Amino acid sequence: MTKNTVVTRFPPSPTGYLHIGGARTALYNWLFARQQRGKFILRIEDTDKERSTSEATQAIVESLQWLGLDWDEGPYYQSERYSIYWEFIERLLSSGKAYYCHCTPEQLERRRKEAMAKGLKPKYDGRCRELELGPGPRAVVRLKSPQSGKTQFHDLIKGPISFNNEELDDLVLWRSDGSPTYHLAVVADDIAMGLTHIIRGDDHVNNTPRQILIYGALGEPLPLYAHVPMILGPDRTRLSKRHGATSVLAYRDLGYLPQALLNALARVGWSYGDQEKFTLSELIQKFSLENVGKSAGIFNRDKLLDLNAHYIRETGTEELVRNLLPFLETKGFKNIKDEKLRGAVETLKPRSKTLVEMAENARFYFVDQITYDPVAAKKFLNPDALDMLKDIRIRLQEIRDFTRETVEAVFLRFIEEKKVKLGKIAQPLRVALTGAGVSPGIFEVMEVLGRENVLERIGKAINYAAGSVGSANTKSSSS
RNA sequence: GUCCCCAUCGUCUAGCCAGGUCCAGGACACCGGCCUUUCACGCCGGCGACACGAGUUCAAAUCUCGUUGGGGACGCCA
């Protein structure tokens with residue numbers, strides 16, 4: 001591998017599920033690595049023992065896998081790499097770029113509050129900086145950072161960004177409990193793993209100068225930075241549980257296709273002219289940091305829904321059936337014949353926005369007893385329709401090869417003879433066969449249902465219509 | 001409070017770097033219409049934005065400054 005090879009990473013901290021903001025960051029890193037034929041690394045930043053859980057790690061991994069964002073290395077766990085980080089601390093300590101500090105958290109907290117009260121920036125006052133203290137039971141290691149001058153960098157997305165070093169304080173690198181802090185671990189790993197591009201949320205821009213200072217103290221070359229604007233909730237605040245479905249897995253369970261989520265996520269913050277729909281390979285081909293915008297965005301759920309409907313229409317029937325199966329199972333539909341399943345999916349494809357919706361709308365195909373929608377039944381399964389239903393049933397009975405085409409032919413002849421519009425017979429039949437006034441095309445429905453089932457359901461509808469002559473009660477049989 | 005970042009339709013955005021071709025284009029949503037066996041798809045049309053104020057210029061959505069608004073960061077969290 002040459003030294004020009006691009007290396008990116010996604011470094012979640014396993015303190016919760018993967019939300020769409022994190023997923024987009026992962027996506028951008030992944031896209032960039034794939035496009036540049038580089039490496040994409042997954043690294044779990046679990047240095048916070050208190051809050052890290054293996055469940056969260058699992059959820060994150062599962063989310064990435066579902067999305068199809070595969071990694072070339074990892075997952076690395078920072079909790080297993082403390083010896084590496086300590087080596088970096090030793091380098092810093094021996095070169096005088098870091099020092100031991102004996103201030104307690106309580107003291108620091110008090111000073112922070114005092115500073116805030118005075119309207120000052122709440123930062124460490126550097127009181128142990130020149131004391132040359134040694135290790136101690138409650139000691140931490142701090143970076144001795146410059147107290148004047150500027151730290152600046154050129155962000156690939158935001159352009160030049162500069163901070164006065166007075167704003168920065170001597171951050172803790174090593175905790176009193178013997179663990180590294182985020183800043184140290186990130187820099188150490190990014191160096192050790194050969195990162196070339198740091199693509200992350202712009203909530204990290206304030207961290208960047210601190211990390212640059214660590215690189216400087218270590219004498220290591222800097223990676224390139226690209227800070228992606230955040231995805232905000234509809235109320236324009238940081239994404240959180242309050243905003244409803246934000247986790248990747250939630251979208252999976254809601255019946256979204258990974259491709260739809262990926263497409264939608266890619267387009268928040270990034271654009272390629274007026275193009276809205278992208279296949280995965282187009283995304284890899286066309287993605288660029290240059291076309292990532294600077295301002296925060298809100299995730300547009302309506303757009304995701306539209307995209308999902310689009311990808312459902314585009315996806316091959318076989319694949320769609322596979323994806324739909326779990327949703328059918330949760331509704332209690334199992335062991336359905338392949339052919340019927342395929343047929344059903346085929347008819348539902350152009351009119352389903354999610355897999356959940358598709359499974360729901362497929363119900364009438366698979367239940368033994370359909371339920372009549374009261375309004376539709378009252379409107380169409382009435383005495384007016386009775387004769388037509390009887391007539392058409394007889395005609396359908398005579399078809400040997402029961403297909404969409406043969407069925408349609410029967411109907412065309414029927415309306416011609418009776419001089420009625422197709423809707424006149426189609427609607428009662430729709431209710432008879434599906435229970436509702438809304439459904440896929442009635443001929444395709446009949447083909448999928450099959451001759452026997454069709455005749456049976458029409459028979460029941462005839463009885464129902466006949467029975468409703470005197471009373472308008474809409475008894476419904478359960479499924 | 002201090003620092004950093006951002007600012008085009010309700011939302012995602014194109015245009016901005018290289019000022020005129022923009023009384024600002026696309027997408028989603030919404031509203032009409034067409035197609036039609038219902039629904040959906042599809043097609044056609046409509047609604048709808050350059051945050052504000054100065055400056056530079058023959059000319060500013062585009063460049064500069066300021067104001068306002070929003071977000072983020074200020075931890076022995078990441």
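Proteins get letters first, then strands, A, B, ... in listed order; numbering begins at 1 in each. Fair warning: this is a prediction, and the values are worked out from it, not measured in the lab.
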Just to be sure I understand the rule, does [X] reach a base, reach only the sugar-phosphate, or reach nothing, if contact means heavy atoms closer than 4.0 Å?
X: A:Arg301; value: nothing
X: A:Thr237; value: sugar-phosphate
X: A:Gly441; value: base
X: A:Pro229; value: nothing
X: A:Arg267; value: base
X: A:Glu167; value: sugar-phosphate
X: A:Thr47; value: sugar-phosphate
X: A:Ser439; value: base
X: A:Ile298; value: sugar-phosphate
X: A:Gly423; value: sugar-phosphate
X: A:Ser352; value: nothing
X: A:Asn207; value: base
X: A:Phe163; value: sugar-phosphate
X: A:Phe443; value: base

On a whole-Å scale, what distance lies between the [atom1] atoms belonging to [N] and [M]?
N: B:rC43; M: B:rC28; atom1: P; result: 9 Å
N: B:rC76; M: B:rA54; atom1: P; result: 47 Å
N: B:rC31; M: B:rG75; atom1: P; result: 50 Å
N: B:rC35; M: B:rG71; atom1: P; result: 49 Å
N: B:rA59; M: B:rU21; atom1: P; result: 14 Å
N: B:rA14; M: B:rC63; atom1: P; result: 14 Å
N: B:rG15; M: B:rC77; atom1: P; result: 42 Å
N: B:rG70; M: B:rU11; atom1: C1'; result: 16 Å

If [N] has a Watson-Crick or G-U wobble mate with both distances under 3.5 Å, name it; if not, just say none.
N: B:rA7; value: B:rU68
N: B:rG55; value: B:rC63
N: B:rC22; value: none
N: B:rA49; value: none
N: B:rU2; value: B:rA73

Measure across [X] and [Y] and return the closest heavy-atom pair with its distance rounded to 0.1 Å.
X: A:Gly437; Y: A:Ala376; result: N-CB, 3.7 Å
X: A:Pro14; Y: A:Asp46; result: CG-CB, 3.7 Å
X: A:Ala226; Y: A:Leu156; result: CB-CB, 3.9 Å
X: A:Arg127; Y: A:Cys103; result: CG-SG, 3.9 Å

task: With RNA chain B as reference, determine whether A:Asn300 or A:Lys158 sits nearer its 5' end, using the nearest nucleotide of each.
output: A:Lys158

5' priority, RNA chain B, between A:Val140 and A:Glu444 [closest heavy atom]: A:Glu444

Flag yes if more than 12 heavy atoms outside [X] fall under 6.0 Å of its [atom1] atom; otherwise flag no.
X: A:Lys424; atom1: NZ; value: no
X: A:Tyr82; atom1: OH; value: yes
X: A:Glu405; atom1: CD; value: yes

query: Quick one: do A:Arg142 and A:Asp169 make a salt bridge, cutoff under 4.0 Å?
result: no

- request: Assess the pair A:Phe10 and A:Phe40: is the distance between their ring centroids shorter than 6.0 Å?
  value: no

- line: Contacted region of RNA chain B by chain A, from 5' end to 3' end of the hits, cut-off under 4.0 Å to heavy atoms, spans B:rG1 to B:rA78

